[in-house]
Amino acid sequence: MDQTHASSPLAGAVHDLATEVVLALRSGDHLATVCGAAGIDEDDRTGIAAARVIGADLLLPSVLYGRNPHPGDVAVLDRAVREFPPKPDAPAATAWSHWHMISTLQRMAPPAPGTTAPAGYAEPDAAWLEEAPWQAFTHQLSVLAPLAVPAAPSAVQRAAANRTVDLARGFVRAVRRRDWLQAAGAGRWLTATGGAPDTLGLDGGLEFVELMGGHDPRVALHVRAARMMDGAGAR
């Protein structure tokens, strides 16, 4: 791991996990464990914290390929849900990320008989997204990019679908500001909602974002997810 990605143990673990998710998306190898390939198990607290940062995207290869996730990855995500619940005063994006991790586990890996599922967690409020300025809206949606997946309806998805013009403006702004991670997240949402204006040139825009920001595996993750959803007819 180079110096850029080793600024802290957590940053390194996030980088490694995101890299393995991208590799799994590219290969389609649903039998391989993302966490195991990154050297992370459910007893690795730094790795568990990294899984909390990656969120439900830890299981994204299984979600997009429609296959069962590796038990080791399920165990790590489940541990992240239990170890890092949102505090009462947590930002709305944190609450939504937590909700999505739980709902993804329930959808993709129901608990085995005799085991305990994570405690239920009601869908958080999303009314604040309806009135947020387009710049803030794009920022928040990019943070919540893991929610931009097929067959996972939520109030956040509905807000994104209702404000695709604002997301398109935010995508362009992020590219101009060289904020590749925000641009990739916005582009993923535009693909998932199928509402990108034709004049945006989203496909070419995402190619440029990946070229410029692909050294960050989280950028590559969002771009790859967008391409897979686009190829599956999500647009």
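- The nearest pair of heavy atoms linking Leu59 to Pro69 is CD2-CB, 3.9 Å.
- Taking SG of Cys35 as the start and CG of Leu58 as the end, the distance is 4.0 Å to the nearest 0.5 Å.
- Side chains of Thr191 and Arg227: a donor-acceptor N/O pair is absent below 3.5 angstrom, by distance only.
- Distance OG1/Thr138 to CH2/Trp134: 6.5 Å, rounded to 0.5 Å.
- From Gln157, atom CD reaches atom OG of Ser154 across 5.0 Å, with rounding to the nearest 0.5 Å.
- Qualifying side chain to side chain contact (heavy atoms under 4.5 Å, CB included) partners for Ala56, counting only residues two or more places apart in sequence or in other chains: His100, Met101, Thr104.
- Residues Val149 and Met229 share a closest heavy-atom pair of CA-SD, 4.0 Å.
- Between Glu20 atom CD and Ile54 atom CD1 the span is 11.5 Å, to the nearest 0.5 Å.
- Inter-residue side-chain proximity for His98 and Arg52 is flagged as met; some heavy-atom pair is nearer than 4.5 Å.
- Salt-bridge formation is not detected for the pair Asp89/Lys87: no Lys NZ or Arg NE/NH1/NH2 atom is positioned less than 4.0 Å from an Asp or Glu carboxylate oxygen.
- Side-chain contact between Phe84 and Val81 is absent, with no heavy-atom pair separated by less than 4.5 Å.
- Under the 4.5 Å side-chain heavy-atom criterion for grouping Ile, Leu, Val, Met, Phe, Trp and Tyr, Leu77 is connected to Ile102 within one hydrophobic cluster.
- Contact between Gly39 and Asp44 at its shortest, heavy atoms only, is O-OD2, 3.9 Å.
- For Val219 against Gly213, the heavy-atom pair with the smallest separation is CB-O, 3.4 Å.
- The distance from atom CD of Gln182 to atom CD of Gln135, rounded to the nearest 0.5 Å, is 10.0 Å.
- At least one donor-acceptor pair under 3.5 Å links the side chain of Ser27 to the backbone N or O of Leu23.
- Counted within 6.0 Å of CZ on Arg178, heavy atoms from surrounding residues, nucleotides or ligands total 12 or fewer; the atom is thus considered open.
- Between Asp230 and Asp203 the shortest side-chain heavy-atom distance falls below 4.5 Å.
- A 4.5 Å side-chain heavy-atom check between Met228 and Tyr65 finds at least one atom pair inside the cut-off.
- Contact of the Thr94 side chain with the Pro91 side chain is registered, since non-hydrogen atoms from C-beta on lie closer than 4.5 Å.
- Considering only heavy atoms from C-beta on, Ser62 stays 4.5 Å or farther from Asp73 through its side chain.
- Taking both residues in full, the closest heavy atoms of Pro150 and Leu64 are given as CD-CD2, 3.8 Å, listed atom of the first, atom of the second, then distance.
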Please lay out, stage by stage, how Arg188 and Asp57 fare under the test salt bridge (Lys or Arg N to Asp or Glu O under 4.0 Å). CA-CA 13 Å; Arg188 177 173 169 178; Asp57 272 347; 2.9 Å; yes

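- Salt-bridge annotation for Arg45 and Glu83: present, with a side-chain N of the basic residue lying under 4.0 Å from a carboxylate O of the acidic one.
- Other residues, nucleotides and ligands contribute over 12 non-hydrogen atoms within 6.0 Å of the CD atom of Glu123.
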Without placing hydrogens or testing angles, list every side-chain donor-acceptor pair under 3.5 Å for residues 159-171, not counting sequence neighbours.
from, atom 1, to, atom 2, distance (Å)
Asn162, ND2, Arg158, O, 3.1
Arg163, NE, Asp166, OD2, 2.8
Arg163, NH1, Leu129, O, 2.6
Arg163, NH1, Glu130, O, 3.4
Arg163, NH1, Ala132, O, 2.9
Arg163, NH2, Ala132, O, 2.7
Arg163, NH2, Asp166, OD2, 2.8
Thr164, OG1, Gly195, O, 3.4

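- A distance of 7.5 Å separates NE2 of His222 from CZ of Arg218, quoted to the nearest 0.5 Å.
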Evaluate side chain to side chain contact (heavy atoms under 4.5 Å, CB included) for Val63 paired with Arg107, printing each intermediate quantity in order. CA-CA 9 Å; Val63 170; Arg107 186 174 74 255; 4.1 Å; yes

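- Linking Ile, Leu, Val, Met, Phe, Trp and Tyr whenever their side-chain heavy atoms come within less than 4.5 Å leaves Val156 and Val143 in two separate clusters.
- A 4.5 Å side-chain heavy-atom check between His15 and Asp216 finds every atom pair outside the cut-off.
- Taking the six-membered ring for Trp and the full ring otherwise, Phe208 and Trp180 have centroids separated by under 6.0 Å.
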